[in-house]
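Here's the structure, in structure tokens; my notes come after.
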Amino acid sequence: MLNPDDNKIHEALMREALKQAKRAKDADEVPVGAVIVCGRDIIARAHNQIETLKDPTAHAEMIAITQATNYLTSKWLQDCTLYVTIEPCSMCAGALVLSRIDKVYFGAPDPKTGACGSVVNILQNEKLNHKVEVEGGVLADECSAIMSDFFKKKRMKS
């Protein structure tokens with residue numbers, strides 16, 4: 001559960017992820033944004049670039065992981081925290097486990113592909129060698145709204 005004393009910090013960092021989601025939306029990408037924090041510093045900022053890069057792995061979380069590991073010059077993200085606007089999918093959750101990130105805070109749950117408890121829970125799977133602390137619901141309404149608005153507009157264009 002979120003510590004009430006930390007709510008403002010978590011919300012401020014999720015707002016940074018929301019800024020990235022808006023960048024994705026402006027590029028006609030599914031509006032997912034992510035930031036990775038080490039200590040009190042944001043060391044990575046990313047948004048979905050699947051359409052732009054023509055790469056199905058170009059999720060915000062994957063790009064942020066690459067940026068953060070490059071910044072730290074390490075393959076491990078111990079002592080780091082990810083803030084992402086929607087619950088990570090199985091690919092991203094697997095990469096987060098492999099990177100040994102400490103914590104993940106997400107905004108809105110993803111009932112179709114969420115791999116942090118909605119469909120499966122890869123981050124806390126007992127059979128894996130690393131478990132990631134996870135908390136959902138940070139600015140959930142705002143994170144859900146940007147996604148809903150994006151797909152509503154897409155359906156109206158079709």
Pairs involving [range], ordered by first then second residue, that meet side chain to side chain donor-acceptor pair (under 3.5 Å) (sequence neighbours left out):
range	answer
residues 112-125	E87-S118, D110-T113, N121-Q124
residues 59-77	none
residues 141-152	R15-E142

statement: Residue set satisfying side-chain hydrogen bond (donor to acceptor under 3.5 Å, both in side chains) with K154, at least two apart, ordered chain then number -> D28

Between [X] and [Y], what is the shortest heavy-atom contact and its length?
X	Y	answer
I43	C80	CD1-SG, 4.2 Å
A68	A44	N-CB, 3.8 Å
C143	A108	CB-N, 3.8 Å

query: Which pairs, with at least one residue in residues 83-103 and sequence neighbours excluded, count as a ring-ring contact (aromatic ring centres under 6.0 Å, His included)?
result: H10-Y83, Y83-Y105

task: May I have all residue pairs that pass ring-ring contact (aromatic ring centres under 6.0 Å, His included) and include part of residues 123-158, sequence neighbours excluded?
output: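 Qualifying pairs: none.
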
task: Please answer whether the main-chain N or O of V104 pairs with a side-chain N or O of T81 as donor and acceptor at a distance below 3.5 Å.
output: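 Such a contact is absent between T81 side chain and V104 backbone.
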
Return all side-chain donor-acceptor pairs below 3.5 angstrom for residues 45-55, not counting sequence neighbours, or 'none' if the list is empty.
from : atom 1 : to  : atom 2 : distance (Å)
R45  : NH1    : E16 : OE1    : 2.6
H47  : ND1    : Q20 : OE1    : 3.3
N48  : OD1    : A60 : N      : 2.8
N48  : ND2    : V30 : O      : 3.2
T52  : OG1    : E29 : OE2    : 2.7
K54  : NZ     : E51 : O      : 2.8
D55  : OD1    : T57 : N      : 2.8
D55  : OD1    : T57 : OG1    : 2.7
D55  : OD2    : T57 : OG1    : 3.2

message: Is there a path of hydrophobic side-chain contacts, each under 4.5 Å between heavy atoms of I/L/V/M/F/W/Y residues, joining L96 to I42?
response: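 Not linked; separate clusters.
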
message: Is the shortest side-chain heavy-atom distance between V132 and D102 below 4.5 Å?
response: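 No. Closest side-chain heavy atoms not under 4.5 Å.
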
message: Counting only heavy atoms from other residues, nucleotides and ligands, does the tally under 6.0 Å from NZ of K103 exceed 12?
response: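 Open: at most 12 neighbouring heavy atoms sit under 6.0 Å from NZ of K103.
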
- prompt: Under a single-linkage rule joining Ile, Leu, Val, Met, Phe, Trp and Tyr whose side-chain heavy atoms are separated by less than 4.5 Å, which residues share a cluster with M91?
  reply: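 Answer for M91: M62.
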
Sequence-distant partners of V120, side-chain contact (heavy atoms from CB on, under 4.5 Å), two or more places apart: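 Here the qualifying residues are A115, I122.
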
